Amino acid sequence: MSDPFDLVEHVPEGPADTPAMAPAPAMGADLNAEQRAAVEAVDGPVLVLAGAGTGKTRVLTTRLAHILATDRAKPWQVLAVTFTNKAAREMRERVGRLLGCSVDGWWVSTFHASAARMLRAHAERVGLQPNFTILDTDDQLRLIKQLLEARNVDAKRTPPRLFLGIISRWKDRGLTPEQVTDAEGADAADGQALVLYRAYQERLKALNAVDFGDLLLHGLTLFREAPDVLERYQRQFRYLLVDEYQDTNVAQYLWLRALAQVHRNICCVGDDDQSIYSWRGAEVGNILRFEHDFPGAKVVRLECNYRSTPNILAAASALIAHNKSRLGKTLWTERTDGEPIIVRGVWDGEDEARTVVERIETLRAGGHRLGEMAILVRAGFQTREFEERMMAVGMPYRIVGGARFYERQEIRDAIAYFRIVAQPADDLAFERIVNVPKRGLGPATVQNVHRLSRADGVPLSLAARRLVETDELKPQARASLRRLMDAIDRWRGGMTTMAHPDLARLILDESGYTEMWQRDASPEAAGRLENLKELIGAIAEFDTLGGFLEHISLVMDNDEAAEGDRVTVMTLHAAKGLEFDSVFLPGWEEGVFPNQRALDEGKDAALEEERRLAYVGLTRARKRAFVTYAANRIVFGYWKPAQASRFITELPADAIVAQAAAGLTRPTHAAIVDVRTELAVAAGFRTGGPVGRAPMIEGTAVRVAPRPEPRHTFAAGQRVFYQKFGYGVVVGVDGDLLKIDFEKAGTKTVIHSFVDTVG
DNA sequence: TCCCTCCTTGTTTTT
DNA sequence: CAAGGAGGGA
């Protein structure tokens with residue numbers, strides 16, 4: 001399969017594609033009764049309600065294998081969709097292993113990838129060209145900014161993000177601008193949002209571009225406007241498998257429903273208790289609608305948990321039982337072993353990081369692998385303190401998420417170069433690179449190109465080409481723009497004559513982009529050049545530049561190989577679907593988790609989603625969980641007293657052990673009615689004043705946890721080592737803070753306790 | 001045209 | 001407290 005744009009028409013149908021598979025009876029012989037029921041109920045609609053750790057992926061993959069093994073369908077007649085790239089990858093691997101064959105070209109992928117694949121094949125039916133560009137959030141925002149500017153909307157009062165959010169939610173619900181009701185349209189941002197939505201869609205079409213939401217939305221339009229196409233897919237896909245069904249939004253639901261109409265063999269696997277993406281348009285209601293839209297659907301519950309100890313299950317079950325809106329499942333296990341969950345109060349975030357990392361160190365000393373431990377946080381900002389602590393003590397760790405590979409500046413720049421070469425009409429790419437590196441083509445020149453582009457109704461790159469033939473530009477800008485446009489033409493020629501990795505390198509070299517970073521003296525420059533090299537390497541794995549661009553626009557996650565034995569740090573959202581022996585759950589405080597926004601909304605729905613997130617966190621643990629909450633937390637740069645999370649009070653007393661740091665009162669759950677207040681008062685507050693200033697103490701039973709003693713004394717001129725920036729010389733001392741002139745990283749201010757003396 | 005400084009704003013979560 | 005954007009000055 002060489003061209004990812006061209007799939008449907010050429011799916012091989014011969015026997016060569018039939019995998020050499022194990023005989024059917026052997027398939028999944030070790031499943032339990034419910035799992036087996038879910039696997040073998042192949043015909044007709046099936047809804048599998050699968051609790052955490054009940055073998056849901058196993059059921060899905062076995063079911064797929066079973067369908068093929070019993071010859072009910074050929075591989076290309078099964079559509080299996082998941083939500084994340086990670087899950088899709090895993091399913092492909094497991095199915096491949098199960099059947100002992102390659103799954104290349106099969107319809108086993110994410111919703112977005114499947115929808116994109118169909119859309120590529122029938123782009124013209126919805127007014128697109130097959131090589132349309134898929135925009136990411138960054139592109140979308142810039143586009144919206146431009147539209148707002150053009151309409152003289154004050155970007156300060158109404159931030160572009162807000163509009164993007166509204167438009168995305170509409171798309172999640174499968175609504176084109178025409179389908180948004182007048183009432184709702186008038187309501188959103190005083191009616192401006194709907195006007196903007198229309199303009200935005202027009203602009204996208206002109207750019208031959210789509211955003212993520214469009215992949216599904218245009219997919220629906222395609223099905224509506226081209227019944228022949230829909231019918232063909234309906235007939236093709238005899239079996240549909242859907243993973244993480246609770247995360248589907250309305251558009252995805254409608255898309256599935258349309259496809260399932262003919263054969264009605266659709267199997268959705270999900271867990272309403274793990275629905276944590278409603279903010280992104282996911283509709284738990286889809287689970288309820290399923291039985292309504294597919295009457296007679298068989299419902300299978302998987303409740304036997306194979307992952308966690310009884311204590312962990314008891315805690316998770318008790319917690320989630322506080323949610324009102326749920327279908328209700330009871331997880332059980334045959335196991336009897338297990339440690340209690342430790343719930344520990346700490347002084348502040350720093351204390352929390354120290355405590356958690358110490359515990360990790362103890363486990364490691366006891367022979368546990370770091371790769372089996374994870375710190376799961378509510379929000380990204382919480383990772384910082386753990387990162388600093390682990391860096392300071394030399395604990396190997398990896399942060400999942402954060403600045404992802406394809407979102408880094410240098411990667412996005414490079415990709416913009418490739419895009420403008422492969423897709424001449426890609427105005428966004430043109431704008432991104434026209435003056436990067438600086439070549440004297442500032443806003444004034446770009447304005448000129450824009451004007452001509454609008455007047456002639458042609459893409460920016462074509463307008464630029466025409467502009468250099470006129471004398472409208474100053475000689476310098478004109479020469480510079482001509483050089484750039486000549487180069488782009490040359491690179492386009494290279495697409496047919498050169499190997500594409502070579503072409504990619506040539507583009508980066510000739511454009512001066514590589515040189516720009518080589519000349520850059522900042523400490524990140526070396527890493528950026530490294531990343532660019534890696535990018536070229538990634539390109540080499542694809543057959544065409546176009547294929548690569550398709551891949552990266554859909555697969556934006558970096559599966560950085562987790563080499564070595566490391567602690568994983570990530571958000572609870574990112575942890576869904578994973579499991580670890582030991583799970584650390586910090587920041588269980590009101591306002592952090594459940595987070596402030598959920599509390600502000602004051603609605604049950606938001607709070608219940610937070611609780612589901614807590615449930616997801618606990619159920620990631622196989623053997624032990626460690627929950628912490630701090631008495632004091634820095635919020636927006638100011639100390640605030642914190643209350644233990646209500647979720648802590650919802651854990652059953654007999655499954656946990658309560659602990660507290662010195663100076664803090666140990667929580668006694670069973671007896672205290674409102675543990676939260678009790679804890680907060682007993683703990684004492686450190687309030688007021690910006691960070692760094694001496695804390696003010698309120699309350700009575702207060703003891704301030706001692707700050708860690710500096711391990712060394714420092715003076716100007718002292719040569720030092722700091723893990724993050726390397727070697728340097730102290731140039732100033734200010735209390736806890738050291739100003740250090742680093743050899744590689746320049747002058748930085750760091751906290752003394754992480755700095756080591758040298759020599 | 002570019003750079004610097006001041007000021008605002010924000011903290012979920014991701015295909 | 002951070003980072004990112006806007007605005008002003010060289």
Side-chain angles (χ1 to χ4, degrees), chain A residues 81-88 109-116 134-138 140-141 145 149 154-157 159-162 164-165 168 171-172 210-217 244 247-249 251-252 275-282 349 376-385 400-404 406-407 409 435 438-446 474 476-477 480 552-558 570-576 587 591-601 606 609-610 612-613 616-617 633-640 689-693 749:
Chain A
V81 282
T82 67
F83 206 67
T84 65
N85 292 304
K86 201 162 57 185
S109 55
T110 63
F111 275 99
H112 294 273
S114 301
I134 300 171
L135 304 185
D136 61 22
T137 313
D138 216 64
Q140 296 181 54
L141 270 178
K145 253 182 234 168
E149 257 165 52
D154 185 8
K156 263 200 202 126
R157 264 205 25 226
R161 304 188 61 100
L162 180 80
L164 183 56
S168 300
K171 291 188 175 183
D172 288 339
V210 303
D211 62 21
F212 276 113
D214 280 339
L215 290 172
L216 271 300
L217 190 63
E244 303 284 13
D247 286 336
T248 51
N249 60 34
Q252 287 158 341
S275 162
I276 54 175
Y277 283 106
S278 73
W279 51 273
R280 197 170 60 184
L376 307 182
V377 298
R378 174 64 184 87
F381 71 85
Q382 289 176 269
T383 61
R384 211 195 78 232
E385 267 168 321
V400 174
R404 282 172 293 178
Y406 290 114
E407 282 168 20
Q409 182 193 345
N435 202 30
K438 301 247 177 341
R439 42 172 82 91
L441 301 174
T445 311
V446 176
K474 297 200 178 111
Q476 262 186 344
S480 179
I552 55 132
S553 57
L554 286 170
V555 184
M556 294 295 279
D557 67 345
N558 57 333
M570 65 178 137
T571 64
L572 288 159
H573 283 88
K576 190 158 67 120
V592 176
F593 190 31
N595 88 16
Q596 195 57 48
R597 265 151 98 135
L599 295 176
D600 289 345
E601 275 189 39
E609 179 143 325
E610 293 288 303
R612 288 193 291 270
L613 206 43
V616 167
R633 190 67 76 175
I634 298 171
V635 181
F636 290 125
Y638 286 85
W639 283 105
K640 271 185 67 177
V691 174
R693 218 179 287 164
T749 302

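Labels below follow one simple rule: chain letters A, B, ... track the order of the sequence lines, proteins then strands, and each chain is numbered from 1. As the structure is a computational prediction, the values presented were derived from the model and not from experiment. Values reported hereafter were calculated over all heavy atoms of this structure, with side chains retained and with hydrogens, waters and symmetry mates removed.
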Using whole Å, report how far CD of A/Glu244 lies from P of B/dT15. 12 Å
Rounded to the nearest Å, what distance is computed from the CZ atom of residue A/Arg161 to the P atom of nucleotide C/dA3? 16 Å
Between the side chains of A/Lys171 and A/Asp214, is the shortest nitrogen-to-carboxylate-oxygen separation below 4.0 Å, so that they form an ion pair? yes
Choosing from B/dC2, B/dT13, B/dT15, which nucleotide comes nearest the side chain of A/Asn85? B/dT15
Atom CZ of A/Phe381 and atom P of B/dG10: how far apart are they, to the nearest Å? 15 Å
Ring centroids of A/Tyr277 and B/dT13 base under 5.5 Å with planes under 30°: no
Rounded to whole angstroms, how far apart are CD on A/Gln476 and C1' on B/dT1? 12 Å
Name the closest nucleotide to the A/Lys145 side chain, picking from C/dG5, B/dT13, B/dC2. C/dG5
Euclidean distance, A/Asp247 CG relative to A/Gln252 CD, rounded to 0.5 Å: 8.5 Å
Any idea which of B/dT15, B/dT1, B/dT13 is nearest the A/Phe212 side chain? B/dT15
Euclidean distance, atom CZ of residue A/Arg612 to atom P of B/dT13 [Å, nearest integer]: 18 Å
Which nucleotide in B/dC2, B/dT15, B/dT13 has an atom nearest any side-chain atom of A/His573: B/dT13
May I ask you to decide if the ring planes of A/Trp279 and A/His573 are parallel, tilted or perpendicular, using 30° and 60° as cut-offs? perpendicular
Could you check how far CZ of A/Arg280 sits from C1' of B/dT15, rounded to whole Å? 6 Å
With the side chain of A/Ala379 defined as its heavy atoms from C-beta on, choose the nearest nucleotide among B/dT15, B/dT14, B/dT13. B/dT13
At under 4.0 Å, does any side-chain N or O of A/Thr571 touch on OP1 or OP2 of B/dT14? yes
Interatomic distance, A/Leu135 CG vs B/dT14 C1' [rounded to whole Å]: 16 Å
Starting at NZ of A/Lys171 and ending at C1' of B/dT15, how long is that distance when rounded to a whole Å? 13 Å
